[in-house]
Amino acid sequence: MDQILYYICIPLGVLMKWCWQLVSNYGIAILLFTLATKIVLLPISVWIHNNSILMVKIQPEMNMLKVKYNGDSQMLATEQTKLFKRTKYRPMLTLVPLIMQIVLLLGVVYIINRPLTYLFGVAERDIMELATAAGVNTESSSFQLALIEAVRAGDYTLPAGFSWLYESIAGFDSRFLGLELTVIPTAVWGVYTVIPLLAAASSWLLCFSQNKANVLQHEQGNGNKYGTMIFSVALSLYLGCFVPAGIAIYWMAGNVFSVIQLLLLNLAISPKKHVDYEALEKSRAALAKLEEGVDKDAEKRRIKENKRRERQDYRRFFSIVNKHLVIYSEKSGFYKYFKGLIAELLARSDMVIHYVTNDPNDIIFEIAQSEPRIKPYYIGLKKTISLMLRLECDMVVMTTPDLDKYYLKKSMMRKDVEYVYIPHALMSMHMGMKEGSLDAFDTVFCAGPHIKREVRATERVYGLPEKKCVEFGYPLVDDLIPLGEAERKTHKTEGRREILIAPTWNEDNILDSCIDTMLENLLSDEYHITVRPHPEYVKRYASRMNETVEKWRDRVGEGLTFELDFSSNKSIYSSDLMITDWSGISFEFSFATKRPTLFVNTKMKVLNENWQKIDCTPIEITLRDEIGVSIEKHDVSNIASIVKDMFARAGEHEQRIEQALNAAVYNVGNSDPVGAEWILGKLIEKQALRRK
């Protein structure tokens with residue numbers, strides 16, 4: 001630690017020496033040094049001030065996110081991260097003032113205790129020889145001050161070669177306002193008692209000023225405000241008692257200068273010019289209204305119960321040895337991707353499946369009640385991090401990408417765990433997912449040939465080791481096809497044809513770019529139009545959705561419906577035509593019903609900006625003209641004639657969709673048996689290797 005402080009203090013020591021040489025008084029030099037550090041660090045202070053204003057500026061949006069994602073902490077954290085990235089807010093920047101204060105305080109303590117080094121420029125080896133000769137304990141942090149006092153008192157005479165140092169020590173004025181700055185107040189008390197009291201008072205002044213004038217602290221609750229104040233005052237009182245008086249002078253001066261700096265920054269960069277306080281109050285009211293209906297005691301009990309469940313399940317998970325297969329699921333809605341595989345695995349073997357979920361209300365707990373070979377565990381997201389690191393099993397199956405990139409890491413206990421990725425969409429992996437999202441997996445269950453091509457191309461471009469690609473398929477489509485066939489048998493063709501408009505929620509989607517033109521041209525006696533926005537769009541942009549509904553309210557019931565209840569998918573599979581932009585549901589609709597989709601080429605949804613490094617055209621692009629027709633936004637004014645032509649060619653579209661399905665998806669209708677067979681074969685192989 002001394003070595004680190006030594007180098008940190010080199011520039012601080014130069015500054016302190018310059019201040020001391022300028023005024024020839026140590027107390028005034030400390031005041032001047034404190035002011036100089038404030039000036040040098042002013043750009044950082046301005047940066048922090050702007051960041052604080054930005055935090056309060058985005059607070060209304062933060063509050064509304066809490067309202068929208070109430071109860072979904074994982075989604076809330078994801079959206080807050082996106083907000084911080086979009087607005088360039090840096091949460092960790094709030095720690096900078098504390099870090100700077102600690103570094104400067106340690107530096108000043110170090111320098112004040114070592115004037116021979118930093119003020120007089122005596123070499124360390126010479127200082128140690130002089131202190132040893134003077135009988136000073138060199139283990140003490142203030143041994144240089146003790147050596148100076150020994151020379152001053154005549155208890156030790158410097159060697160002839162250090163006569164210049166004697167003159168420097170004799171001229172070293174370490175008193176300020178009648179107080180000796182090298183003295184620790186509790187060692188002498190008396191008049192020095194005022195020093196810790198003044199240090200505490202200066203800290204109170206700074207906290208009081210920040211609570212009133214600092215844009216960020218002003219918005220904090222009283223608990224945070226006064227809790228910080230009490231801690232700061234107590235710390236200052238403690239420091240004032242047990243450190244040299246010179247350090248307390250620095251601390252007091254720093255607090256006073258910080259108050260002045262805060263007031264000046266508020267004048268130069270006024271928060272009132274940047275923060276919409278009216279919007280802030282409205283968002284607070286919305287948050288308060290949400291909390292009104294919450295039984296806080298019941299919520300506390302629920303949280304406590306979930307924590308108890310988590311602890312028990314965590315212990316139970318690790319109490320079981322020789323686990324072969326672990327399935328990890330983020331929430332209940334992901335069970336549908338594992339359902340068929342689990343059924344096949346249970347039917348084909350006597351294995352036990354360990355199912356880890358982050359959702360305390362996951363449907364797996366209900367299913368496990370009638371199937372003892374499914375062992376479910378509720379493990380919260382934070383606890384899952386340590387669970388994954390401690391994992392000991394033969395295989396982990398999951399739909400969550402980005403393994404080893406963010407919070408979910410591979411096991412540190414066993415290096416032979418097989419990590420298997422299961423698809424939860426038909427989209428591409430190089431454009432529809434983040435860069436490197438599948439790189440850490442050992443095996444990828446491929447929905448179709450496009451995934452296998454993309455995986456191999458990614459390995460070539462980035463020089464990655466070859467992973468296993470299993471020609472699996474997409475179980476969700478397998479489940480939907482029978483439903484689509486049953487619906488087609490009962491579907492009535494007379495009367496109005498059903499058109500479903502189901503856009504994404506991404507930037508430039510249909511609802512934000514061309515819905516009015518679309519409805520103006522489609523509404524007629526021939527069609528019934530259902531507008532079904534993405535649930536995420538309604539969550540995020542409720543006001544925009546309400547404006548659209550209000551604008552077309554007069555036409556609702558006359559061939560127009562806005563479907564804002566997402567509990568049923570009936571409208572999806574009973575429609576004759578879907579209109580969307582880049583929604584993945586278009587593939588499921590067309591493959592299940594064999595009816596075409598009309599795509600509007602809005603801005604593409606791209607999660608990997610470097611996707612073009614991989615020389616594979618994403619399936620989101622290639623399938624558009626295979627399962628339907630794609631048009632540009634400026635063609636929407638002609639949409640009525642385009643739709644009419646698509647209905648006239650329904651038979652042709654059905655044949656093309658059937659061909660596209662068989663070309664784009666592996667093992668149609670048989671993906672789960674194929675996947676289960678591979679998993680069982682791999683587990684048998686691993687067990688055989690372990691026995692060897």
Side-chain angles (χ1 to χ4, degrees), residues 5 9-41 100-122 140-153 165-206 235-261:
L5 281 173
C9 289
I10 289 175
L12 295 177
V14 171
L15 182 60
M16 177 66 88
K17 184 176 182 179
W18 176 82
C19 293
W20 175 66
Q21 290 176 337
L22 186 67
V23 296
S24 299
N25 180 277
Y26 206 32
I28 298 175
I30 290 173
L31 296 179
L32 190 59
F33 170 82
T34 309
L35 178 61
T37 57
K38 290 292 181 184
I39 294 172
V40 170
L41 298 174
M100 288 195 311
Q101 276 191 320
I102 292 172
V103 170
L104 285 174
L105 179 62
L106 291 175
V108 171
V109 170
Y110 202 78
I111 289 169
I112 287 178
N113 279 328
R114 291 164 175 77
L116 294 174
T117 300
Y118 293 102
L119 299 187
F120 306 147
V122 183
S140 169
S141 60
S142 57
F143 79 92
Q144 291 194 19
L145 295 175
L147 177 59
I148 289 174
E149 286 303 309
V151 174
R152 278 177 168 177
L165 180 58
Y166 180 81
E167 294 173 4
S168 297
I169 290 174
F172 179 54
D173 185 0
S174 58
R175 297 184 66 82
F176 180 67
L177 299 178
L179 300 174
E180 174 56 54
L181 298 185
T182 61
V183 169
I184 295 174
T186 51
V188 292
W189 290 115
V191 70
Y192 287 91
T193 306
V194 75
I195 289 178
L197 296 176
L198 288 175
S202 71
S203 185
W204 176 87
L205 176 64
L206 176 60
L235 178 63
S236 299
L237 188 64
Y238 177 83
L239 286 173
C241 288
F242 298 104
V243 299
I247 296 168
I249 293 293
Y250 161 78
W251 188 257
M252 286 184 273
N255 288 338
V256 172
F257 288 146
S258 291
V259 171
I260 297 170
Q261 178 179 270

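- Pairing each heavy atom of Leu119 with each of Tyr26, the nearest pair is CD1-CE1, 3.6 Å.
- By the ring pair (Phe, Tyr, Trp, His ring centres under 6.0 Å) test, Tyr250 pairs with no residue at all, sequence neighbours left out.
- Between the CE atom of Met252 and the CG atom of Leu239 there is a distance of 11.0 Å, given to the nearest 0.5 Å.
- Not a single ring pair (Phe, Tyr, Trp, His ring centres under 6.0 Å) links Phe257 to another residue, sequence neighbours left out.
- By the side-chain contact (heavy atoms from CB on, under 4.5 Å) test, Leu165 pairs with Leu116, Phe120, Val122, Leu130, Leu158, Phe162, Ile169, sequence neighbours left out.
- Taking 4.5 Å as the limit, some side-chain heavy atom of Phe33 sits within range of a side-chain heavy atom of Leu12.
- Contact check for Leu181 versus Ile249: side-chain heavy atoms found under the 4.5 Å cut-off.
- For Ser236, the side-chain hydrogen bond (donor to acceptor under 3.5 Å, both in side chains) partners two or more places apart in sequence, or in a different chain, are Ser203, Trp251.
- Atom CG in Asn25 sits 12.0 Å away from atom SG in Cys19 (nearest 0.5 Å).
- Contact check for Met16 versus Cys9: no side-chain heavy atoms found under the 4.5 Å cut-off.
- For the side-chain contact (heavy atoms from CB on, under 4.5 Å) test, residues two or more places apart in sequence or in another chain that qualify with Ala200 are Val233, Leu237.
- Residues meeting the side-chain contact (heavy atoms from CB on, under 4.5 Å) test with Ile39, sequence neighbours left out: Leu35.
- Nearest heavy atoms, Ala248 versus Val243: N-CG2, 4.4 Å.
- For the side-chain hydrogen bond (donor to acceptor under 3.5 Å, both in side chains) test, no residue two or more places apart in sequence or in another chain qualifies with Lys17.
- With sequence neighbours left out, the ring pair (Phe, Tyr, Trp, His ring centres under 6.0 Å) criterion links Tyr166 to no other residue.
- Legend: residues meeting side-chain hydrogen bond (donor to acceptor under 3.5 Å, both in side chains) with Thr117, ordered by chain and number and at least two apart, are Glu124, Gln144.
- Taking Ser140 as the reference, Ser142 meet the side-chain hydrogen bond (donor to acceptor under 3.5 Å, both in side chains) condition, with sequence neighbours excluded.
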### Task
Could you walk me through whether Phe176 and Ile30 pass the side chain to side chain contact (heavy atoms under 4.5 Å, CB included) test, one step at a time?
CA-CA 10 Å; Phe176 180 67; Ile30 290 173; over 6 Å; no
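- Looking at Ile247 and Pro244, their side chains come closer than 4.5 Å, going by heavy atoms from C-beta outward.
- Contact between Ala253 and Leu31 at its shortest, heavy atoms only, is CB-CD2, 3.5 Å.
- Scored by the side-chain contact (heavy atoms from CB on, under 4.5 Å) test, Val23 finds Ile28, Ala29, Leu32 as partners (sequence neighbours excluded).
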Return a table of donor-acceptor pairs under 3.5 angstrom between the side chains of residues 187-197 and protein atoms on other chains or two or more places apart.
| from | atom 1 | to | atom 2 | distance (Å) |
| --- | --- | --- | --- | --- |
| Trp189 | NE1 | Thr186 | O | 3.3 |
| Tyr192 | OH | Glu180 | N | 2.7 |
| Thr193 | OG1 | Gly190 | O | 2.8 |

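- Of all the heavy atoms in Gly13 and Ile111, the pair that sits closest is N-CD1, 3.6 Å.
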